[in-house]
Amino acid sequence: MNTYRRGWTLRRRVLALLAVVGVLLIGLAVAEAVVAAKNRAYTDTLLTRTGPLRVQGQELLNAMLDQETGIRGYAVSGNRADLAPYEQGVRQERDVAATIADLGRDHPAIAGALRTVQQQAADWRRTVAEPVIATTGSSGTAAGQALITAQARQQFDEIRTSVGDLQTAILAERQRGARDIERTGNLLVMLLIVAAVVVVLAGSLMLLSLERMVIRPLTGLAQQVREVAAGDYQHHIAGSGPPEFRRLADDVDVMRQKIAKDLAEVRAARENIEWVNSQLQKQAEELTRSNRDLEQFAYVASHDLQEPLRKVASFCQLLQRRYAGQLDERADQYIAFAVDGAQRMQRLINDLLAFSRIGRLTTGFVDVDLNKVMGDVASQTEPGRQYADAELTWGELPVIRGEEPLLTNLLVNLVSNSVKFRRPDVAPKVRVSARLVGDEWEITCQDNGIGIEAEFADKIFVIFQRLHAKDAYPGTGIGLAIVKKIVEYHGGRVWVDTDQAEGTAIRFTLPARPEDVEAAKAAAGADAAAADGDADAPADAESPAATADDVTPDPVGETADGTARPTPVGRQPDGTQDEDPPGGPPGHGTTGGTKERVG
């Protein structure tokens, strides 16, 4: 590890280069900021002081000319109104002089020239203007004009010359400010050029350093790695360049050694894997053969076994009808046992066939409206419900992806079980409802029957498992096993809700369509926004209609609004009801009306 500490690391070299370039750029930035500040100050002085001074100098000259014009006019006319330009010029001279003094306070030459103009103007007014005004007013215009001599005109020309000197001083200051601006601007451009040169040099140095310290070592390392990847696992990988790259090369070489070692183990294990694969292939062939045998058995069970079984059942029924009462009581009992056994065997074979066909004979998933399915379920279970005077209701059910015949069979089994396992002297009530939970529809079939103990909640879904004797409740015990297989085939799960105080609630889930999930989320967001907006509404205000995912099971036997609605019913072409009601076919001994409602 100490060998890696010889020389600077790549990080240290890059940081050193960046530090030097950063210090240079920061120094240049500070110098540029100082020069830019001076340039801004010079520009401000030129624009806000020296420039306006030239205008004020011209205004000062105009004010002096107005004074001289007013004195001449008054001396000629003797009218006091002609003194207005003189009086206005005096005021303007005073204001302009104050402005020039303020703007040129930092310029001694301008201040000195201004004082000279003010002194000469004061002397002219004292020696010329005021005497002319007094003489004209007292002695007339001729006396006033006599005071405007060549000496007086020469004295005024001296004022003009002083104002010109003031303008020259202002122009000199303006030119000096322009030179300062030009000098600082040139210096600023030079500093920017130096900064650009520093950046270009730093970038060039960085590229050269990367080429020598990064690209070349990495290229060499990559070439060696490619040689190893090509199959030369014994090639030693050596690094060059900064310590980090040499350390990386050593790490890659360690990895190469481990790969070479593992490769030897892999080669040794490959033969074992090939042997295992051959065994798996044999098992797959055996499984294929077994499946073919099972399919053959299903064919035999559905065709060949049915024919002798029907013959046995038919002749036993013939014996029962022809010789009933002619033999002794024990013979009649034996014949009844034979007929019942043959019939139960037929039901077992048919149920086994139905169970084996689930998921094997498929028509493909389509959009299935469970409300329409419930109409078919109501039609198929109508005889049993009429016999038991059962009431079947369901809430708004969703549209899901699945096979309609299987889903119909699923709900027929659940409703038939709810009607079959009823309490004595209590009219059965069956309620089917749905609610959206996450991305699944949870569908509940709830009844008011005898219920299921918690310890038997899992046992009822096992094929041919019965909780009661066959003479207590008819059936083969395969209905809920078919329910479970259909639900799992559709990607759901089924269970018994053991928290019910009365009756049985069997719940199962089916995947929801993506558009239903998105619509539910959008509706939930809209409801939340509406709730925020209606936070101050009365507590008993009527709430909006519930969406499909807000549907919860109503009490068994009641719709959402407490009224019955007719439900369209129709019989599934290949659907049948699993069990006959006890005591004979429906309608024997009672007219039992059917109650169907959609809530």
Side-chain angles (χ1 to χ4, degrees), residues 218 221-239 248-305 348-366 400-403 405-407 409-410 438-440 458-459 461-465 478 480-495 508-514:
L218 282 181
L221 180 59
Q223 180 62 33
Q224 297 180 74
V225 170
R226 281 193 290 269
E227 291 179 8
V228 174
D232 187 7
Y233 295 104
Q234 303 304 321
H235 177 78
H236 175 69
I237 297 177
L248 176 62
D250 288 349
D251 292 339
V252 172
D253 191 65
V254 171
M255 181 177 64
R256 176 196 61 80
Q257 296 174 10
K258 184 177 180 181
I259 291 175
K261 179 181 178 181
D262 293 342
L263 183 60
E265 297 177 358
V266 168
R267 288 172 178 172
R270 180 178 299 173
E271 297 179 358
N272 186 32
I273 293 175
E274 292 176 353
W275 180 83
V276 171
N277 286 337
S278 65
Q279 296 298 315
L280 290 176
Q281 182 66 28
K282 292 179 180 179
Q283 291 180 5
E285 294 174 355
E286 180 66 21
L287 182 60
T288 302
R289 185 193 59 77
S290 176
N291 287 336
R292 286 198 302 268
D293 292 344
L294 287 176
E295 292 179 0
Q296 183 65 26
F297 169 76
Y299 179 82
V300 171
S302 60
H303 295 82
D304 299 344
L305 290 182
L348 283 173
I349 291 175
N350 291 330
D351 289 345
L352 274 175
L353 287 173
F355 186 80
S356 66
R357 290 192 182 110
I358 297 174
R360 187 167 56 89
L361 302 178
T362 176
T363 61
F365 280 17
V366 296
I400 58 99
R401 295 284 297 175
E403 294 190 21
L406 293 181
L407 294 174
N409 191 10
L410 161 67
D439 57 353
E440 292 182 322
D458 294 331
K459 185 179 180 181
F461 295 106
V462 180
I463 189 171
F464 296 139
Q465 290 292 325
I478 199 175
L480 290 181
I482 292 177
V483 167
K484 182 179 180 182
K485 190 170 183 180
I486 294 175
V487 170
E488 292 176 348
Y489 173 67
H490 284 81
R493 53 194 176 87
V494 62
W495 71 96
F508 62 94
T509 61
L510 294 174
R513 300 182 303 171

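What you see is a predicted model, and the numbers here were worked out from it, not measured in a lab.
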Residues forming a side-chain contact (heavy atoms from CB on, under 4.5 Å) with Gln279, sequence neighbours excluded: Trp275, Lys282
Rounded distance (nearest 0.5 Å) linking atom CD1 of Ile486 with atom CG of Asn409: 4.5 Å
side-chain contact (heavy atoms from CB on, under 4.5 Å) partner of His490, chosen from Thr509, Leu407, Leu410: Leu407
Closest contact, heavy atoms only, Pro511 versus Gly491: CG-O, 3.9 Å
Residues that Ile273 engages under side-chain contact (heavy atoms from CB on, under 4.5 Å), provided they are two or more places apart: Asn277
Least distance between heavy atoms, Phe365 atom then Arg401 atom: O-NH2, 3.1 Å
With sequence neighbours excluded, residues passing side-chain contact (heavy atoms from CB on, under 4.5 Å) with Gln223: Arg226, Glu227
For Gln257, side chain to side chain donor-acceptor pair (under 3.5 Å) partners two or more places apart: Asp253
Partners passing salt bridge (Lys or Arg N to Asp or Glu O under 4.0 Å) against Arg513 (at least two apart in sequence or in another chain): Asp367, Glu515, Asp516
Derivation of the side chain to side chain contact (heavy atoms under 4.5 Å, CB included) call for Leu406 and Tyr489: CA-CA 10 Å; Leu406 293 181; Tyr489 173 67; 3.6 Å; yes
Check: Leu280 and Gln283 side chains under 4.5 Å, non-hydrogen atoms: yes
Sequence-distant partners of Asp262, side-chain contact (heavy atoms from CB on, under 4.5 Å), two or more places apart: Lys258, Glu265
